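Here the structure comes first, spelled out in structure tokens, and everything after it is commentary.
These numbers come from a predicted model, not from an experiment. Order of the sequence lines fixes the chain letters, A, B, ..., with proteins taken first and strands second; residue numbering starts at 1 for each chain.
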Amino acid sequence: MGEETPALPADLGPVRSALIEWYERSHREYPWRRTEDPYEILVSEVMSQQTQLGRVVDAWRGFLERWPTVEALAAADRADVVGFWSDHSLGYNNRAKYLHEAAGQVCTEHDGEFPETPEDLEELMGVGPYTANAVASFAFNDGNAVVDTNVKRVLYRAFDVPDDDTAFGRAAEELLPDGRSRVWNNAIMELGGVACEKTPGCDREGCPWREWCHAYQTGDFTAPDVPTQPAFEGSRRQMRGRVVSTLREYDELPLDGLGPRVRVDYAPDGEYGREWLRGLLEDLADDGLVEVDSADGTVVVRLRR
DNA sequence: ATCCCGACCA
DNA sequence: TGGTCGGGAT
């Protein structure tokens with residue numbers, strides 16, 4: 001058998017109502033917290049995956065203004081969706097591609113009706129365990145417990161749950177009040193995002209769990225390790241971003257026209273030359289973001305539509 | 001430098 | 001299980 005997991009408080013009633021009351025009293029207002037439209041929720045969740053919420057608000061409004069329904073998004077050109085993503089600095093163009101593809105799935109495989117269960121939602125491209133439960137919760141109030149980095153940090157500190165995904169999942173499920181996934185998942189993530197950040201603000205934010213919190217009692221606010229990303233400056237990701245933004249501006253370019261706009265030190269036969277650029281473009285083509293055409297001897301690159 | 005409501009693919 | 005995927009704000 002596995003190791004013993006620490007017990008949550010015996011009576012979960014007061015723990016649950018304390019958090020829900022705290023949330024309803026003092027949570028931040030975000031526009032997606034005022035809708036139950038699964039399409040609008042999905043857009044907000046995908047945008048929020050690795051981007052600060054404050055930067056998502058304008059993008060979310062603009063996106064829904066341009067593509068108000070899942071049908072409208074499915075009918076859009078992928079290049080336009082990726083273009084919007086870049087314009088609003090949302091990062092990770094793959095997420096725009098996934099969202100566009102998921103919209104197509106909803107229209108063709110589900111007849112335009114959004115799936116409502118976490119299991120069915122996970123079939124959508126780009127929708128993993130977190131996003132599936134988030135949409136099921138916030139749109140249909142019918143999700144399981146979400147486990148993201150915020151929730152892990154909260155459980156680790158408050159209830160001494162070991163840094164282990166299975167343990168986090170079990171503890172999160174046990175805490176979730178039956179039939180209240182909408183407010184609960186919002187609340188526990190809000191707690192992690194506002195009061196129980198890397199540097200905690202227990203008293204400042206009036207954390208509702210102080211009387212039960214292991215970390216608050218011991219003063220040890222260690223948090224689970226989050227893998228640190230390699231530097232962005234000079235990275236392959238930065239170069240991919242430059243390819244996409246350059247192709248948006250020029251529609252299509254030959255290899256040696258694109259190269260210098262991606263790296264100032266581009267030299268056709270140098271270390272960062274045609275061969276390097278072809279490799280970069282091959283990955284972008286595999287990701288469905290660009291097209292590389294070899295017509296009559298010359299290679300031309302453009303964004304995929 | 002580090003953070004930010006993950007998911008995909010090998 | 002690990003490598004990869006953007007970019008702005010602080």
Quick one: label [X] by what it contacts on the DNA or RNA (base, sugar-phosphate, nothing), any heavy atom closer than 4.0 Å.
X	result
T51(A)	base
S86(A)	nothing
N93(A)	sugar-phosphate

Covered region of DNA chain C, 5' end to 3' end, by chain A [heavy atoms, under 4.0 Å]: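 First-to-last contact on DNA chain C, by the 4.0 Å heavy-atom rule, is dC5(C) to dA9(C).
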Other ILVMFWY residues reachable from M125(A) by side-chain steps of under 4.5 Å: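 Noted: M125(A) shares its cluster with Y98(A).
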Carboxylate-amine/guanidinium contact R305(A) E291(A), below 4.0 Å: no
Residues R274(A), D256(A): salt bridge by 4.0 Å N-O rule: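 Between D256(A) and R274(A) there is a salt bridge, with a charged N closer than 4.0 Å to a carboxylate O.
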Give every residue pair that meets the ring-ring contact (aromatic ring centres under 6.0 Å, His included) criterion with at least one member in [range], sequence neighbours excluded.
range	answer
residues 227-276 of chain A	Y272(A)-W276(A)
residues 32-57 of chain A	Y30(A)-W32(A), W32(A)-W60(A)
residues 136-194 of chain A	F159(A)-W209(A)

Closer than 4.0 Å, any side-chain N/O of [X] to the OP1 or OP2 of [N]?
X	N	result
S48(A)	dC4(B)	no
T149(A)	dC4(B)	no
K198(A)	dC3(B)	yes

How long is the span from the [atom1] atom in [X] to the [atom2] atom in [Y], to the nearest 0.5 Å?
X	Y	atom1	atom2	value
N94(A)	L289(A)	CG	CG	5.5 Å
L191(A)	N186(A)	CG	CG	12.5 Å
I41(A)	T131(A)	CD1	OG1	12.0 Å

Distance-only polar pair, side chains of E40(A) and T35(A), donor-acceptor under 3.5 Å: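 On atom types as modelled, these side chains qualify, holding a pair under 3.5 Å.
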Distance-only polar pair, side chains of D220(A) and T222(A), donor-acceptor under 3.5 Å: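 Per modelled atom types, D220(A) and T222(A) side chains form a pair under 3.5 Å.
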side-chain hydrogen bond (donor to acceptor under 3.5 Å, both in side chains) contacts touching residues 108-118 of chain A (sequence neighbours left out):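 side-chain hydrogen bond (donor to acceptor under 3.5 Å, both in side chains) check on residues 108-118 of chain A returns T117(A)-D120(A).
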Spacing of the C1' atoms in dG6(C) and dT2(B) (rounded, Å):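 Straight-line distance between the two C1' atoms is 15 Å.
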Output field: ring centroids Y92(A)/W85(A) closer than 6.0 Å: no
For E36(A), side-chain contact (heavy atoms from CB on, under 4.5 Å) partners two or more places apart: R182(A)
Rounded interatomic separation in angstrom, taking CD from E197(A) and P from dT2(B): 17 Å
Side-chain donor/acceptor of Q52(A) to base of dC3(B), under 3.5 Å: yes
Heavy-atom pair with the smallest gap, counting every atom of V70(A) and G112(A): CG1-O, 4.4 Å
Close residues, residues 227-250 of chain A, relative to DNA chain B [heavy-atom separation under 4.0 Å]: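 Q229(A), in order of number.
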Residues from residues 30-46 of chain A lying under 4.0 Å of DNA chain B - heavy atoms: R33(A), E45(A)
Give me the distances for all protein-to-nucleotides 8-10 of chain B N/O pairs that come in under 3.5 Å?
from: dC8(B); atom 1: OP1; to: G126(A); atom 2: N; distance (Å): 2.8

5'-to-3' dot-bracket of DNA chain B (Watson-Crick, G-U; under 3.5 angstrom; crossing pairs as [ ]; | other strand): ||||.|||||
Selection residues 276-289 of chain A - residue pairs positive for salt bridge (Lys or Arg N to Asp or Glu O under 4.0 Å), sequence neighbours left out: R236(A)-D283(A), R240(A)-D287(A)
